[in-house]
Amino acid sequence: MKSTESEPSAAAPASNELARAYQPAEVEPRWYRYWEERGYFRAEDQSDKPPYSIILPPPNVTGSLHLGHALTATLEDILIRHKRMNGFNACWLPGIDHAGIATQMIVERELKKTEKKTRHDLGREEFLRRVWAWKEQYGGRIREQHRVLGASLDWSRERFTMDDASSRAVREAFVRLYEDGLLYRAERLINWCPQDATALSDLEVDHEEGVQGELWSFAYPLEDGSGEIVVATTRPETMLGDTAVAVHPEDPRYIGLIGKNVRHPLSGRAIPIIADAILVDPAFGTGAVKVTPAHDFNDFAVGQRHGLPLISILNKDATLNAQGGEFAGMDRFAARTAVKEKIATFGLDRGTQPHKLALGRCQRCRAVVEPMISTQWFVKVEPMAKRALAAVANGDTRFYPESWKNTFDRWMENLHDWCVSRQLWWGHQIPAWYCGAGHVTVARAAPHQCGTCGDTSLTQDDDVLDTWFSSSLWPFSAFGWPEQTASLSSFYPNTVMETGFDILTFWVSRMMMMGLHFMGEVPFRTVFLHAMVRDEKGEKMSKTKGNVIDPLDVTAKFGADALRFTLASMAAQGRDIKLALPRVEGNKAFANKIWNAARFALMHLQQHPLDKKSSATPSLAGRWILSRLGRAVTETTQALDDFRFDQAAMAVYQFVWHELCDWYIELAKPALYGEDASVRAAELSTLLTVLEGALRLLHPFMPFVTEEIWQRLPAWTRRGGDSIMIAKWPSASDGVPDDQAEGKMALVMDVVGAMRTMRSECGIPPGKILTGHMRGPAELVRVVSDLSVPVALLSQVNVTNQSPPGGLVAATSVAGVEIVVQLEGLIDVEAERARATKELARIEKELEQVQVRLGSASFVDRAPAEVVEKTRANAAELAEKRERIARHVKRLSGGHMENNGNGNFGFDIPPTAPVATELTGVESAPVVAEPVAPVAEPVMEEAPPARKPAHKAPRAAVKKVVATKPAAKKKVAKKVAKKAAKKVAKRPVAKKSAAKKGAKKSAAKKSAKKVVAKKKPAKKVARKTVKKPARRR
RNA sequence: AGGCGGGUAGCUCAGUCGGUAGAGCAGCGGCUUUACACGCCGCGGGUCGCAGGUUCGAGUCCUGUCCCGCCUACCA
């Protein structure tokens, strides 16, 4: 557009013409480069601006963008862009996680495939070199993918969890925890993955429910030969490690056996029969349990209680060790069968039965996890967990949605010590050294001698730390800890931690503990946990199911803006996000919508250049849309502050589409296309102003299309800014609250809506311009007639206050204004009579209900006066309505339909002198409204009764207006009527019928009627009534 | 088994303080209206899982119950 004053920006397309439809693929890549090159993503280490920090949950280096990442990136980018525009020193720190097991597995797999080697063939050093090489080559795809989404991450701060600084932080943390007595090495029963040959934390074990297995029973013969005791197990092979048989201390069947021994049929060992009330449920199985402390967590606890020996029967690859005797060397599953067969040969098999069990599987490789006795490093969590709980309890960190606090609390209250050592190569090697005597020396750097005995031949612990260990330090290590950096003091505690609820336990809880321990302060003020993204059927996306949606496919097809907006608008709290592509498509249409609104504005600007904001008072529509903008800003801002992304997105959507586009632009057209230059300039000025504000409001959600348009706006609307992403977040002052304009517009919208309904339902051809005759209090009439041209444009009905014609007319009334339209010859009298008769019946029924309520002393006495008053007003209105319709029906039935001037639907409309020519178009003089005989309508004060605008207009604002306008009272009552009618209709007495259906909607919602077109089926006819404007709450 | 979340229009979901349910999509009808057919206008569609209770009034609060999902712990 030549009229824009701005320099063509670097990122602007060569052409100034806007494509007829928005093309995200053409636009999006340009702007990301522009922003990044100009450094808009960068946060300052020190700033006068208040800090606002979020660390991106570091994606695995092996990862590529899935919808969970896309959701995370979208929500965090919305927060960050919002706060950045709002004057914060917004820091969004990207990072990548080394993902120990996952990465090592991938490289090992590749090694096997391409070179047929294992990591052991290469040796540790060479293998790690390969992993780093792999990391350099492939790890980081996700970085580019975040750019596609428009994520405004401060790439200058990007970190990797195994970079030097991170390694320093990990060593520092490890040493300090050790020194503080919060880290120890011990032999414990841990989860072991035989496939990956490493220990796992409790959290890394997935429990697969309902696996079909079998419960096998066998007999242990008593040592003294006096009998046997039958036990049941799902793991026969572990009997080789049995060191007791447990029964319930009060079980009469076994009470005499407690203290006796059984003879192990395979090993020949004597095994005690012990009593344990915790382990044994006498009602289950035989009531006797074999106890294998070295291979079962419950049994381990029993062993501790009773001082039982531990007999480990498995090697690290889950084959049986020497303790397995004749089964040594067999795989655990082969041994299972073999043991059963062997026992059977002794005649001790007591049968099997099908049994469902839960299997612990390795989160990474799905192998069945084996509880094993092993020496590992553990973090003692209890003291830290207590601090974390206290910090949450006193509000230092708050959870959104709040309910996650409970989950957090219960988790923290039941934490076991955290096994942090892993038998892997890829990761932070544990900074512990052992001397020949087995003493441990823990140090930040390789020590020269043993801290205990001075031995100089030291070897470092082979193991590495759990990946989550380094992640737990991320909120401060990513900002340079243990160095006291400026960014650390600026951005710690982080303002918000935003992540999926599934890693609350893995990550959030551990960051809380570590942050409090090392920084003395919570790691973040707020935790917002988002839901999981699922497919449209609610199924978890997985490669095996083949229902994975690749976000990049979506952005390629619909644009990143559309995907972002969809994710945000579906991110309602406490619910899974079921992503359906049609929704994304719909939001692409939304981008296109605002694009075209901009095209419209820029087209007019090109034709009539405007170099500064008009100083003229905006039109009524202009004042209205400015007021609505202000409300949209307030609503959106509040929603974002509450992490209600869905509400925020919908508030913007509603404003842009249904208010700005559907109403304001239409209402502005007469002025914009008109001949009056000053009127035109004022309207265009308003349009551009509102559009610019709307773009800023939408920007965090749809950064690309908003920037593209914004850059094309004239400099005076943008205050000369270089990018919308660093423009000021709109405030309420961007819109001018104007209750009066809103009230008047509500009336106009109602009138237009009523006319549209009438026209549509009477089947009046759209091209045919009708003349609507208004009647009502002068001020009300004037509001509409002043806008008669736009009203005509919106509804194709000219509005005059001429004398209503005689003959058959349709009439509708809204907000105290009645509009009568001549329909002689256009409709079917008989059909209208039938419809009106039904309507009359409905209203009478409705009125009856309300009167019953009012007749109840308990209601009148106990309900608030206000409610009672509303109900009374409603009753009065219903009564009035009933009279009108009754008269209308009477006339329709009476055959006095000739031009007697009274066939007008029961409205006694006195003839008034024609005071204006019929409006026929743009050049018509405004109608001067002539007050007519006052009906029982309230006189308008500030504004006419607000109501829900004919369609889709926001309710919130309307509600407010209502609350302050006495004139609204009567209308408010209608809502009560509507509800009452609904209730009536719901009663089982009234079976579904056309009449009842009609009653639900029309009697309640509609205050006036209109005539129906002929040839409509009766049932349908029954529902046709003019929309009652009184919908509001 | 315990904990948490959910069950509202055909679908996906809102619904704040208890005042008598509403968006998007889908559907139906109409529209070559000069920003947009990725559009415009109109319309239909609900026993708010079920049963009780509290209340003048319940989608909303209480009790019970049935389904679905997740988390945690699991019966060897």
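Below, chain A is the first sequence line, B the second, and so on; all start at residue 1. Since the model is a prediction, treat every value here as computed from it, not as a measurement.
- In this structure A58(B) sits in no base pair that meets the Watson-Crick or G-U test at under 3.5 Å.
- When rounded to the nearest whole Å, the span between CG of N191(A) and C1' of C74(B) equals 14 Å.
- Distance noted for atom C1' between U8(B) and C68(B): 16 Å (whole Å).
- For U16(B), there is no paired nucleotide, since no Watson-Crick or G-U wobble pair has both relevant distances below 3.5 Å.
- As rounded to whole Å, 12 Å separates atom C1' of A76(B) from atom CD of Q353(A).
- The partner of G2(B) is C71(B), by the rule that a Watson-Crick or G-U pair needs both atom distances under 3.5 Å.
- Applying the side chain to side chain donor-acceptor pair (under 3.5 Å) criterion to K557(A), with sequence neighbours excluded, gives no partner residue.
- The base of C38(B) lies outside donor-acceptor range of the side chain of K593(A), with no N or O pair under 3.5 Å.
- Put simply, CG on D646(A) is 13 Å from C1' on U16(B), counting in whole angstrom units.
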For the pair Y673(A) and Q607(A), evaluate side chain to side chain donor-acceptor pair (under 3.5 Å) and give the outcome as yes or no after the intermediate values.
CA-CA 10 Å; Y673(A) 284 111; Q607(A) 283 159 12; over 6 Å; no
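- Taking only side-chain nitrogens and oxygens, R756(A) never comes nearer than 4.0 Å to OP1 or OP2 of G29(B).
- Between U72(B), C70(B), C40(B), one nucleotide has an atom nearer to the side chain of W657(A) than all others, and that is C40(B).
- Counting any heavy atom pair closer than 4.0 Å across all strands shown, D281(A) reaches a base atom.
- Counting to the nearest Å, the P atom of C38(B) and the CZ atom of F600(A) are 20 Å from each other.
- Comparing A23(B) with C56(B), their P atoms sit 32 Å apart, to the nearest whole Å.
- Candidate nucleotides C40(B), U34(B), U12(B) were compared by shortest atom distance to the side chain of D662(A), and C40(B) ranks first.
- Taking the six-membered ring for Trp and the full ring otherwise, F645(A) and H530(A) have centroids separated by 6.0 Å or more.
- Nucleotides U34(B) and G19(B), compared at atom P, are 45 Å apart to the nearest Å.
- Look at W595(A) and you won't find any side-chain N or O under 4.0 angstrom from OP1 or OP2 of G39(B).
- Taking atom CD of residue E666(A) and atom C1' of nucleotide C40(B), one finds them 8 Å apart after rounding to whole Å.
- In this structure, N298(A) reaches the C74(B) phosphate: one of its side-chain N or O atoms is under 4.0 Å from OP1 or OP2.
- Only the P atoms considered, G53(B) is 27 Å distant from G46(B), to the nearest whole Å.
- Not counting sequence neighbours, the partners of M650(A) by the side chain to side chain contact (heavy atoms under 4.5 Å, CB included) test are S569(A), Y653(A).
- The side chain of H658(A) places an N or O atom within less than 4.0 Å of a non-bridging phosphate oxygen (OP1 or OP2) of G24(B).
- Proximity of R20(A) to the phosphate of A37(B): a side-chain N or O atom is located under 4.0 Å from OP1 or OP2.
- Spacing of C1' atoms, G24(B) relative to C50(B), comes out at 29 Å, to the nearest Å.
- If you take atom C1' in G39(B) and the same atom in U55(B), they sit 49 Å apart, rounded to whole Å.
- As a whole-Å value, the separation of N596(A) CG from U33(B) C1' is 15 Å.
- The aromatic rings of F590(A) and W657(A) sit parallel, their planes meeting at an angle under 30°, below the 60° perpendicular limit.
- The side chain of K669(A) places an N or O atom within less than 4.0 Å of a non-bridging phosphate oxygen (OP1 or OP2) of A35(B).
- Using C1' as the reference atom, U54(B) and C41(B) are 47 Å apart when rounded to the nearest Å.
- The six-membered or imidazole ring of F399(A) lies away from that of W404(A), with a centre-to-centre distance of 6.0 Å or more.
- Residue W216(A) is classed as having no contact, given no heavy-atom separation below 4.0 Å to the nucleic acid.
- With distances taken from any side-chain atom of A589(A) to the nucleotides C38(B), A35(B), U12(B), the minimum falls on C38(B).
- Within 4.0 Å of L279(A), counting heavy atoms only, lies at least one base atom of the nucleic acid.
- Considering only side-chain atoms of C661(A), the nucleotide from A35(B), C41(B), U12(B) that sits closest is A35(B).
- Counting to the nearest Å, the P atom of G39(B) and the CG atom of N592(A) are 7 Å from each other.
- Heavy atoms of T234(A) sit under 4.0 angstrom from primed sugar atoms or phosphate atoms, though from no base atom.
- When each of K290(A), R336(A), H295(A) is checked for a side chain to side chain donor-acceptor pair (under 3.5 Å) with T238(A), only K290(A) meets the rule.
- Using a 4.0 Å heavy-atom distance criterion, G287(A) is classed as a base contact.
- What you find for A598(A) and L691(A) is that their closest heavy atoms are CA-CD2, 3.8 Å.
- Across G18(B) and C75(B), the matching C1' atoms stand 46 Å from one another, rounded to whole Å.
- For the pair Q647(A) CD and G22(B) P, the computed distance is 17 Å after rounding to whole Å.
- Between Y653(A) and R410(A), it is R410(A) whose nearest contact on RNA chain B lies nearer the 5' terminus.
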